[in-house]
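Contents: one structure, followed by commentary.
Each residue takes its place number in the sequence, starting with 1.
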Amino acid sequence: MVDVTVRADLALRGVRVAAPVVRSKGAGPTDDGHVVVDGVAMALPLAADSPWSIVDGLLFHDEDPVDGLGMVAAVDRPAFYDLATAEGVPYEQLARLHGSTVLATTVVQTCIRYGVDTRCRFCAIEESLAAGSTTRVKTPAQLAEVAEAAVRLDGITQLVMTSGTSAAADRGARYLARCAGAVHEAVPHLPIQVQCEPPADPFTVFRDLRDNGVTAIGIHIEALDQAVRERWTPGKAEVSIAEYEHAWQEAVRVFGWNRVSTYVLVGLGEDPDELVAGCARLVDMGVYPFVVPFRPIEGTLAVAEGATAPSPDVLVDVTGRVASLLQAAGMSGADQGAGCAACGACSALSVVGG
Ligand code: SF4
């Protein structure tokens with residue numbers, strides 16, 4: 001198993017490797033190449049100046065191979081990327097491979113928060129649309145078609161569906177339910193996680209999602225300190241922390257304990273002790289805090305504003321303390337069934353027992 005200090009350094013400094021599976025721009029805080037290190041999927045920045053490299057199945061630091069690891073390799077390009085719908089839309093524009101077994105899609109590639117003053121500083125959801133690498137809206141039928149092919153051809157084991165936030169009271173969750181329903185009908189055994197902001201009437205909306213085959217839900221707050229939220233996620237910060245707590249609680253009622261998660265970003269300036277204390281409250285609620293390092297990614301305001309990633313020491317410290325909380329509660333990411341915590345590739349938690 002990779003040591004957590006190595007995992008943190010890889011997350012922050014990246015790796016030199018030719019990675020055929022890359023997620024460029026897009027929703028949320030990650031923008032990485034996908035590799036597998038000793039059986040653990042990792043999403044890592046591809047950085048030409050990193051001291052880390054992957055060559056011939058080994059991980060190197062400068063010229064020195066790291067001993068004691070199993071196979072290290074970039075994830076191969078999946079076969080479903082070479083297919084297209086009857087209308088000629090490449091499947092690759094509709095959903096992407098994450099890690100080696102996760103299919104991920106952004107069902108609506110626009111977001112009401114994407115104004116310059118309101119967007120999340122780490123997000124580039126509309127940049128991949130502007131670059132022509134994805135479509136504005138994926139239809140339920142398209143997603144069912146791609147999911148069926150990805151399961152059949154590439155052994156996909158779960159689907160993550162996120163969305164930009166809509167102006168409607170459900171914030172886009174009802175459309176996620178329609179998409180999930182179509183996928184569930186096509187591949188009934190495929191676990192599905194959806195990600196959305198807290199909707200109005202969360203219990204009813206979440207039940208609709210569950211009835212359409214959704215296994216788990218991510219309701220991502222990213223920062224647990226209101227002042228940090230207002231700086232980093234000014235649009236989303238208009239939704240109060242109390243509304244998030246209510247949505248998490250209702251989600252646990254519907255999906256169950258450890259079937260609900262939230263991203264918590266390390267490196268936005270939040271006090272580490274307060275961040276860990278906030279994660280402890282989430283764990284008490286049955287909500288998995290998916291702790292991920294902030295990395296400045298191309299196309300985001302954070303890059304334009306000169307933001308930098310956290311120090312490895314802070315990342316290792318926070319990740320270790322949150323992993324201890326999760327272990328004490330008996331919560332594992334894998335038990336989410338689907339979603340980012342089940343995948344684990346964007347976090348160092350998976351190498352310290354989270
Ligand atoms: S943790 Fe989430 S965003 Fe990261 S690779 Fe896995 S599914 Fe994708």
Let me confirm one number: the CG-OG1 distance from Leu143 to Thr105, rounded to the nearest 0.5 Å. 5.0 Å
Rounded to the nearest 0.5 Å, what separates atom CD in Glu238 from atom CD in Glu230? 9.5 Å
Does [X] share a hydrophobic cluster with [Y], counting links as ILVMFWY side-chain heavy atoms below 4.5 Å and allowing steps through other members?
X      : Y      : value
Val6   : Met1   : yes
Leu301 : Leu265 : no
Val137 : Leu94  : yes

Heavy-atom closest contact ([X] atom, [Y] atom, distance):
X      : Y      : answer
Gln336 : Ala341 : CG-CB, 3.8 Å
Phe294 : Ala302 : CZ-CB, 3.7 Å
Val205 : Ala200 : CG2-O, 3.7 Å
Val160 : Gly339 : CG2-CA, 3.7 Å

Do the side chains of Arg113 and Glu197 get close enough for a salt bridge, i.e. N-O under 4.0 angstrom? yes
Taking atom [atom1] as the centre, does [X] end up with more than 12 heavy-atom neighbours from other residues, nucleotides or ligands that are less than 6.0 angstrom away?
X      : atom1 : answer
Gln327 : CD    : yes
Asp284 : CG    : yes
Asp62  : CG    : yes

Any donor-acceptor N or O pair under 3.5 Å, side chains Asp3, Thr5: yes
Can a side-chain donor-acceptor contact be found between Gln93 and Lys138 if the only test is distance below 3.5 angstrom? no
Counting N and O atoms only, with roles assigned by atom type, does the side chain of Trp232 sit under 3.5 Å from a partner on the main chain of Leu268, one being a donor and the other an acceptor? yes
Is Ser332 reaching over with its side chain to a backbone N or O of Asp335, donor-acceptor style, under 3.5 angstrom? yes
With a 4.5 Å cut-off on side-chain heavy atoms, are [Y] and [X] touching?
X      : Y      : value
Arg171 : Cys196 : no
Ile217 : Arg259 : no
Val72  : Val35  : no
Gln109 : Thr135 : no
Trp52  : Leu44  : no

According to the side chain to side chain donor-acceptor pair (under 3.5 Å) rule, which pairs have a member within residues 148-159, sequence neighbours left out? Thr101-Thr157, Glu148-Arg152
I'd like to know whether Arg77 forms a salt bridge (Lys or Arg N to Asp or Glu O under 4.0 Å) with Glu92, so could you lay out the CA-CA distance, the side-chain angles of the two residues, the decisive distance to 0.1 Å, and finally the verdict. CA-CA 10 Å; Arg77 180 181 164 85; Glu92 192 179 358; 3.7 Å; yes
Residue pairs passing the salt bridge (charged side-chain N to carboxylate O under 4.0 Å, His left out) test where at least one lies in residues 261-276, sequence neighbours excluded: Asp273-Arg321
Flag this pair as yes if the NZ/CZ of Arg253 is under 6.0 angstrom from the six-membered ring centre of Phe206 and inside a 45 degree cone about the axis; otherwise no. no
